[in-house]
Amino acid sequence: MDKPAPRPLTQPHPARLAPAHPRRAEILAAHEAALEAGQPGYLDPDTGLFVLTAGFLARRGTCCGRGCRHCPYYDD
């Protein structure tokens, strides 16, 4: 089992979602809504792709190394 990064599940690492991203607020709102509803992911308002939540990824117990936006283990 990997050790989670020292940040809340609601906050992705800045390298995975830049603080200056023009749709950051929308993306974080969609992520938070999915977390609260216990859903495994949400449709990205920017790309339309299905994105896994940090909660879903944390329950897996380990990082897959694929560069997930909300990876709870990524802290480089």
Side-chain angles (χ1 to χ4, degrees):
M1 178 186 251
D2 290 335
K3 183 178 176 186
R7 66 177 180 280
L9 291 179
T10 55
Q11 293 301 312
H13 190 282
R16 301 282 171 93
L17 182 62
H21 189 288
R23 298 189 76 181
R24 182 180 172 89
E26 286 177 76
I27 291 167
L28 292 180
H31 179 250
E32 187 169 344
L35 279 174
E36 289 176 5
Q39 297 173 339
Y42 63 94
L43 290 179
D44 184 348
D46 192 38
T47 65
L49 298 174
F50 188 77
V51 178
L52 296 171
T53 67
F56 176 85
L57 297 169
R59 286 189 294 277
R60 286 194 345 194
T62 160
C63 176
C64 66
R66 292 188 179 133
C68 299
R69 174 185 284 164
H70 298 288
C71 180
Y73 305 104
Y74 181 75
D75 198 35
D76 290 339

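Count residues from 1 along the sequence.
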Checking Asp46, Ile27, Asp44 against Val51 for side-chain contact (heavy atoms from CB on, under 4.5 Å), the one that qualifies is Asp44
Taking Tyr42 as the starting point, is it possible to reach Leu52 by hopping between hydrophobic residues whose side chains are less than 4.5 Å apart?
no
Qualifying side-chain hydrogen bond (donor to acceptor under 3.5 Å, both in side chains) pairs, either residue in residues 7-17, two or more places apart:
Gln11-Arg24
Closest non-hydrogen atom pair, Gly48 against Leu43
O-CD2, 3.7 Å
With hydrophobic residues grouped by side-chain heavy-atom distances under 4.5 Å, do Leu9 and Phe56 end up in a single group?
no
So, the side chain of Arg59 versus the backbone of Gly55: is there a donor-acceptor pair under 3.5 Å, distance only?
yes
Mark yes when over 12 heavy atoms from residues, nucleotides or ligands other than Arg66 sit less than 6.0 Å from its CZ; otherwise mark no.
no
Can you list the residues that meet the salt bridge (Lys or Arg N to Asp or Glu O under 4.0 Å) rule with Glu36, with sequence neighbours excluded?
none
d(Leu17 CG, His31 NE2) to nearest 0.5 Å is 10.0 Å
Can you tell me how far the CG atom of Leu28 sits from the CG atom of Leu35, to the nearest 0.5 Å?
10.5 Å
Looking at Ala30 and Pro45, what are the two nearest heavy atoms and their distance?
CB-CD, 4.4 Å
How close do Pro19 and Pro14 get, heavy atom to heavy atom, and via which atoms?
CD-CB, 4.0 Å
Counting only N and O atoms by type, is there a donor-acceptor contact under 3.5 Å from the side chain of Asp2 to the main-chain atoms of Tyr73?
no
